> 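Pasting a structure below so you can have a look.
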Amino acid sequence: QVQLVESGGGLVQAGGSLRLSCAASGRTFSYYTMAWFRQSPGKEREFVAAITRSGRSTYYADSAKDRSTIPRDDAKNTMYLQMNILKPEDTAVYYCAATLSSLDYTRPGLYNYWGQGTQVTVSS
């Protein structure tokens, strides 16, 4: 069982930066692939970025590539999402998720554990 708690959301101006954190409970955090998803009103939950166990590989959605990083600190049971050059279209509730699957990391259905989400609002 893994419990996830996001933090770090808020209101930021376009062009600014934000770092989201995802703190996990449990002693097996390093075994999980971790990911960030986001969801805006009326839209489906969409993949943002993922990092495999022990940080071996990272994956990014085209919308996040080149302006985001997804580091993890297994000693602290914490994963992060650093987003730069934020745009109004980045406004959404951001969720962290965990999975032991090694299939398509972009599919929300493959993730077993989810946090409650943190709101990010980017003003123009």
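The shown structure was predicted, so the numbers you read here are calculated from the model rather than taken from an experiment.
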> When rounded to the nearest 0.5 angstrom, what distance separates CG in Leu18 from CD in Gln82?
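These two atoms lie 8.0 Å from each other.
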> When you measure from the centre of the six-membered ring of Tyr32, is the NZ or CZ of Arg72 closer than 6.0 Å and no more than 45° off the axis?
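Judged by the rule, Arg72 and Tyr32 form no cation-pi pair.
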> Do side-chain atoms of Tyr111 reach the backbone of Tyr105 as a donor and acceptor pair under 3.5 angstrom?
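Here the side-chain-to-backbone pair exists.
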> Quick one: does any side-chain atom of Thr78 pair with a main-chain N or O of Lys76 as donor and acceptor, under 3.5 Å?
yes
> Give the intermediate values and the outcome of salt bridge (charged side-chain N to carboxylate O under 4.0 Å, His left out) for residues Asp62 and Lys65.
CA-CA 5 Å; Asp62 288 343; Lys65 197 177 301 183; 3.2 Å; yes
> Donor-acceptor pair, Asn77 side chain versus Gly26 backbone, under 3.5 Å?
yes
> So which atom in Gly9 and which in Thr118 form the shortest heavy-atom distance, rounded to 0.1 Å?
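Distance-wise, the nearest heavy atoms are N-OG1, 3.2 Å.
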> At what distance, to the nearest 0.5 angstrom, does NZ of Lys87 lie from OG of Ser124?
14.0 Å
> Using a 3.5 Å distance criterion without hydrogens, assess whether the side chain of Ser25 forms a donor-acceptor pair with backbone atoms of Gln3.
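The answer is yes, because a donor-acceptor pair under 3.5 Å joins these two groups.
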> Does the pair Tyr113 and Gln1 meet the rule for a side chain to side chain contact (heavy atoms under 4.5 Å, CB included), with working shown?
CA-CA 8 Å; Tyr113 303 103; Gln1 189 79 8; 4.0 Å; yes
> Could you go through Trp36 and Met83, starting from their C-alpha distance and side-chain angles, then the distance that decides it, and tell me whether this counts as side chain to side chain contact (heavy atoms under 4.5 Å, CB included)?
CA-CA 11 Å; Trp36 289 96; Met83 295 190 70; over 6 Å; no
> Is there a side chain to side chain contact (heavy atoms under 4.5 Å, CB included) between Met34 and Leu4? Walk through the geometry before answering.
CA-CA 10 Å; Met34 301 296 298; Leu4 305 173; 3.9 Å; yes
> Sort out for me which residue in Thr52, Leu103, Leu100, Ile51 forms a side-chain contact (heavy atoms from CB on, under 4.5 Å) with Thr33.
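The passing option is Thr52.
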> Do the side chain of Glu6 and the main chain of Gly117 share a donor and acceptor less than 3.5 angstrom apart?
yes
> Please give me the minimum heavy-atom distance between Phe29 and Ala24, naming the atom from each residue.
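Where Phe29 meets Ala24 most closely, the heavy atoms are CD1-CB, 3.3 Å.
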> Going from CG on Leu86 to OG1 on Thr121, what distance comes out if it is rounded to the nearest 0.5 angstrom?
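Separation between the atoms: 11.0 Å.
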> Rounded to the nearest 0.5 Å, what separation is found between the CG atom of Asp90 and the OG atom of Ser63?
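Answer rounded to 0.5 Å: 7.0 Å.
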> To the nearest 0.5 Å, what is the distance between SG on Cys96 and OH on Tyr80?
12.0 Å
> To the nearest 0.5 Å, what is the distance between CG (Leu81) and CD1 (Ile70)?
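Atom-to-atom, Leu81:CG and Ile70:CD1 are 6.0 Å apart.
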> Between Gln39 (side chain) and Ala92 (backbone), is there a donor-acceptor pair under 3.5 Å?
no
> Mind listing the closest non-hydrogen atom pair of Val12 and Ser17 along with its distance?
CG2-O, 3.9 Å
> Would you say Phe47 and Trp114 are hydrophobically clustered, going by side-chain heavy atoms of ILVMFWY under 4.5 Å?
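Same cluster: Phe47 reaches Trp114 through Ile, Leu, Val, Met, Phe, Trp or Tyr contacts under 4.5 Å.
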> Closest heavy-atom contact between Thr91 and Val122?
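That would be OG1-N, 2.9 Å.
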> Cut-off 3.5 Å, side chains only: do Arg38 and Tyr94 have a donor facing an acceptor?
yes
